[in-house]
Number of protein chains: 2
Amino acid sequence: MLGMTLRVFKTRMMTECKKKDIELSLEQFVILNMLNANCDLIQQDLANHLQKDKSIIVRQIDGLIEDQYVVRLTNKEDKRKKNLILTKKGFERLNEMERIASEVSKKLLTGVSDSELEIFKDVLVKIQENGELEEEAI
Amino acid sequence: MLGMTLRVFKTRMMTECKKKDIELSLEQFVILNMLNANCDLIQQDLANHLQKDKSIIVRQIDGLIEDQYVVRLTNKEDKRKKNLILTKKGFERLNEMERIASEVSKKLLTGVSDSELEIFKDVLVKIQENGELEEEAI
DNA sequence: ACATATTGGTTGCACAAGTCAACTAATTCG
DNA sequence: CGAATTAGTTGACTTGTGCAACCAATATGT
């Protein structure tokens, strides 16, 4: 059920994006969101938060840089780290995507009350937390 | 959030399956489930229900046949259609997977009450229904 | 302080999943 | 009958992902 629901949201989002000639993937949208919320994030942080291999992050960021949504700069204090900074273009694209995302969400959540939505989100968070606890146990 | 939660469930499931040398993908598990619930399903039905291209279904079924979990038979009334029948081996594997899935679900849902889980499932269903309604409108 | 371990990033390889288009065979419909 | 539709199959291609090897920079232990 989770998979089908995610697919519904994903395809609806992507068709809306194609209409407006936006070529970003959902994952890249998520990354832009995180970079906007916290500009100190490095690639390893993104990999940890998104629970993906760091190589995937590298390539998705490569794509974002190619489209000039993001700049990659070596951290001055620790030259291993790379800081990721949203460009103006990236910020505008993010706002566009957020508008589309909230429209799509509103449509897909018709008939769902605020309290139900809150519980829904709580359960999603709890599942993720339980998953992380399990990981540590291993 | 949906994506991250699905990933948590998927990876947890797959690591549990690897422990027991089960090589089935989650999608193949879902297909086995559907075939078990309704033995009249043809490949096109699976594609419609899972909202995937029929070519994906063909290949996933090919894999299931290779592992002797399923048999593909031409329908006698309509020779275009192929009936998909679970073998004994497939049925046993399905039961194994279901046991693993319910264990993983139980662990990931600790701290979630029955009523919260009900609402959670309701919202997932509603999102899917809203998605289908939108599609028809197009 | 120096050797070793760890961390962050990058690249190559491999594989599964998904999309798209073309094609065959069987059936339906005008 | 002939055209359109349906079910299935195949091939080429893209994307997402995971794994392993590797380099450079930093941290750690004795």
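Hydrogens, waters and symmetry mates play no part in the numbers below; they use all other heavy atoms, side chains included. The structure displayed is predicted, hence computed values, not measured ones. Letters go in sequence order (proteins before strands), and every chain restarts at 1.
Taking atom CZ of residue B:R72 and atom C1' of nucleotide D:dA7, one finds them 12 Å apart after rounding to whole Å. Note: CD (B:Q28) to C1' (C:dA16) measures 10 Å, nearest angstrom. Between A:L26 atom CG and D:dG16 atom P there is a gap of 10 Å when expressed in whole angstrom units. Remark: P of D:dT15 and CD of A:E23 are 12 Å apart, rounded to the nearest angstrom. Taking atom NZ of A:K82 as the reference point, atom P of C:dT7 lies 18 Å away to the nearest angstrom. Atom pair A:L46:CG and C:dG8:C1' shows a separation of 12 Å (rounding to whole Å applied). Residue A:K81 contributes atom NZ, which lies 17 Å from atom P of C:dT6 at whole-angstrom precision.
Sorted by first then second residue, the side chain to side chain donor-acceptor pair (under 3.5 Å) pairs that include residues 55-71 of chain A, not counting sequence neighbours, are A:E23-A:Y69, A:D53-A:S55, A:D62-A:R72, A:Y69-A:R93.
Each of B:N48 and B:D62 was assigned the nucleotide of DNA chain D with the nearest heavy atom; the assignment lying further toward the 5' end belongs to B:N48.
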(request) Using a 4.0 Å cut-off on protein heavy atoms (strictly under), produce a 5'-to-3' string for nucleotides 17-28 of chain D with B for base contact, S for backbone-only sugar-phosphate contact, and - for none. (result) BBB-----BS--

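Taking OG1 of A:T5 as the reference point, atom CG of B:L6 lies at 9.5 Å (rounded to 0.5 Å). The CD atom of B:E96 sits 9.5 Å away from atom CG of B:L24, with the distance rounded to the nearest 0.5 Å.
The pair A:E16-A:K19 meets the salt-bridge criterion, since a charged nitrogen lies less than 4.0 angstrom from a carboxylate oxygen.
Formation of a donor-acceptor pair under 3.5 Å by the A:Q128 side chain with backbone atoms of A:V125 is not found in this model.
A heavy-atom distance below 4.0 Å to DNA chain D is reached by these residues of residues 32-45 of chain B, ordered by number: B:I42, B:Q43, B:Q44.
Here the closest non-hydrogen pair linking B:F9 and B:A101 is CE1-O, 4.5 Å. Contact between B:L84 and B:I42 at its shortest, heavy atoms only, is CD1-C, 4.3 Å.
Each of A:I85 and A:I31 belongs to its own hydrophobic cluster when Ile, Leu, Val, Met, Phe, Trp and Tyr are linked at side-chain heavy-atom distances under 4.5 angstrom. Under the 4.5 Å side-chain heavy-atom criterion for grouping Ile, Leu, Val, Met, Phe, Trp and Tyr, A:M4 is connected to A:V123 within one hydrophobic cluster.
Applying the side chain to side chain contact (heavy atoms under 4.5 Å, CB included) criterion to B:S115, with sequence neighbours excluded, gives B:S113. For B:S102, there are no side chain to side chain contact (heavy atoms under 4.5 Å, CB included) partners two or more places apart in sequence or in a different chain.
Helix bend of the helix from C:dA1-D:dT30 to C:dG30-D:dC1: the angle between its two end axes, each built from five pairs, comes to 20° after rounding to 10°.
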